[in-house]
Amino acid sequence: MINPFRPTAGAEPPQLVGRDGYLDEFIYGLKIRSGAPGLLTIMTGARGIGKTVMLNEAEYAARQEGWVVISETATPGFAGRIGKAAQNYQQELGEKPASRRLTGISLAGLSVTTALRPEEEIETRYLIEGLLQNLEQRKTGLLITLDEIHAADRQELSLLASWVQHYIRASLPIALVFAGLPAAVSDLLNEGVATFLRRADRIDLAAVAVEEVAQSYRQTFEPLKVVIEDAVLAEAARVTGGYPFMIQLVGYHLWRIAERLEPGAILTAEEANLAFAEARRRNQRMVLESALAPLSAKDREFLQAMALDEDRSTASDIGRRLGASKSTVGNYRARLISAGLVEPAGHGKLRFTLPGLRELLQGN
Ligand SMILES: Nc1ncnc2c1ncn2[C@@H]1O[C@H](COP(=O)(O)OP(=O)(O)O)[C@@H](O)[C@H]1O
Ligand SMILES: [Mg+2]
């Protein structure tokens, strides 16, 4: 049996831990097909918490219902790429767009990386509308998923939002599911870029319960026929902190050790500790260091000052430690929130979003 764990961004895990029922509202909406609240959903959460995987789940559920799916990431040109994909589907369905003749659309392949020109904007809107009318007749619909919207170009996002708003008003079968980092998504919505998106169902993904992780490990390791004591699996679950990326890393490295043992052999606590250390090291390298890499020296100093606190930090403490003014602290705070490294934790306090970040900063 091959290692079932998948410590890779967006990869389907062997078990989707702790997310039962999260998509119920969305799936219910797929049956109603137009105007149901779950058809407009935003997933938010820190890196590695499982946003992309949830988008994949939504896409799977939509396809099960016979829906057409366009899956995009919010890098420049996404509105054009969505239009191009809609056009491809429309051709596949063997019909011309219903409402308009296409003129001047020069979307070359799916590699569009530039914003639409004004005349293309209108054509693309009608093009998608044509597909939706076609799907409406077939009693299915179109799901668009858009990942990493924290990085989206504001204008492109408001363009997409205006299209979708229009389709919803026309009772067409459209669903839109977004994913992004929480604070940046909040900013996006508050800026009024796409006011109607504020009405979207918001699913805040957090770490899952450690007990559920232990339960999942018991089931996933079962077929290996190696003896792994419950205390070891409980410790493995505790090490993950319920953070999905760590669930995969710890599981993966534990599996690598376990699969080398003879059937019936016991996996010792020492061996398990090796797997935990490796998982922590990888999390540090793959998540934490890449999150820290683009930061300036000043950003890092700010985080170092925060790491002195055991739990949440207050702006005034940070300011004192750095010898910085209130407005300077405010600026760095905003930058680091947008970068997804820290988040507001009530009453002007801040905390780290990523597990292990404080420990990494404290260690050097
Ligand atoms: N509910 C879950 N249970 C177990 N593993 C998960 C779960 N959700 C995501 N994962 C795993 O966590 C990692 C990160 O998931 P991903 O969707 O890429 O996170 P994000 O998009 O939020 O950065 C992947 O390895 C994925 O397989
Ligand atoms: Mg992702």
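Along the sequence shown, residues are numbered consecutively beginning with 1. Hydrogens, waters and symmetry mates are skipped; everything else that's a heavy atom, side chains included, is used. Both ligands and their constituent atoms are indexed starting at 1 by order of listing. Please read all numbers here as calculations on a predicted model, not as lab measurements.
- At least one donor-acceptor pair under 3.5 Å links the side chain of Glu271 to the backbone N or O of Thr268.
- Of all the atoms in ligand 1, the ones that sit under 4.0 Å from a non-hydrogen atom of Pro244 are 5 (N), 6 (C), 7 (C), 8 (N), 9 (C), 10 (N), 11 (C), 12 (O).
- Interatomic distance, Gln248 CD to Gln15 CD, rounded to the nearest 0.5 Å: 10.0 Å.
- Between Val208 and ligand 1, a contact under 3.5 Å exists for no N or O pair.
- Taking distance alone, with nitrogen or oxygen atoms compared against 3.5 Å, Ala9 stays at or beyond that limit from ligand 1.
- With contacts defined as side-chain heavy-atom distances shorter than 4.5 Å, the pair Met306/Ile318 qualifies.
- Below 4.0 Å from some heavy atom of Ile49 lie the following atoms of ligand 1, by number and element: 19 (O), 22 (O).
- Atom 19 (O) of ligand 1 has Gly50 N, 3.1 Å as its closest protein atom, hydrogens excluded (heavy atom only).
- Ranking protein heavy atoms by distance to atom 17 (O) of ligand 1, first place goes to Val53 N, 2.8 Å.
- Within the 4.0 Å heavy-atom shell around ligand 1 one finds Ala46.
- Residue Glu12 places no N or O, backbone or side chain, under 3.5 Å from any N or O of ligand 1.
- No part of Met54 comes within 4.0 Å of ligand 1, judged by heavy-atom distances.
- Close approach of ligand 1 to Thr8 is summarised as follows: ligand atoms under 4.0 Å from at least one heavy atom of the residue are 24 (C), 25 (O).
- Of all protein heavy atoms, the one lying nearest to atom 3 (N) of ligand 1 is Val17 N, 3.0 Å.
- Interface atoms of ligand 1 facing Arg6, defined by a heavy-atom separation under 4.0 Å, are 24 (C), 25 (O), 27 (O).
- Counted by atom type alone, Arg138 and Asn134 present one or more donor-acceptor pairs between their side chains at under 3.5 Å.
- Residue Ala11 approaches ligand 1 through these ligand atoms, each under 4.0 Å from one of its heavy atoms: 26 (C), 27 (O).
- With a heavy-atom cut-off of 4.0 Å, Leu205 does not touch ligand 1 at all.
- Taking distance alone, with nitrogen or oxygen atoms compared against 3.5 Å, Ile247 stays at or beyond that limit from ligand 1.
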Side-chain donor/acceptor pairs under 3.5 Å, residues 255-262, sequence neighbours excluded:
residue, atom, partner, partner atom, Å
Trp255, NE1, Glu259, OE1, 3.1

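- The shortest N or O to N or O distance between Arg47 and ligand 1 is not below 3.5 Å.
- Looking at Pro7, Pro13, Gly10 and measuring to atom 18 (O) of ligand 1, the nearest heavy atom belongs to Gly10.
- One N or O on the side chain of Arg81 and one on the backbone of Thr75 form a donor-acceptor pair closer than 3.5 Å.
- Around the Mg ion (ligand 2), protein atoms of type N, O or S found under 2.8 Å number 1.
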Exercise answer: donor-acceptor pairs, residues 284-291 side-chain atoms, under 3.5 Å, sequence neighbours excluded:
residue, atom, partner, partner atom, Å
Ser290, OG, Met286, O, 2.9
Ser290, OG, Val287, O, 3.2

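- When heavy-atom distances to ligand 1 are checked against a 4.0 Å cut-off, Arg19 comes that close only through its side chain, counted from C-beta outward.
- For atom 23 (O) of ligand 1, the nearest protein heavy atom (residue, atom name, distance) is Gly48 N, 2.7 Å.
- In this view, Ala11 and Arg6, Thr8 satisfy the side chain to side chain contact (heavy atoms under 4.5 Å, CB included) rule, not counting sequence neighbours.
- Each of the atoms 3 (N), 4 (C) of ligand 1 lies under 4.0 Å from some heavy atom of Gln15.
- In this structure, Arg33 pairs ionically with Glu136, as a charged nitrogen and a carboxylate oxygen lie closer than 4.0 Å.
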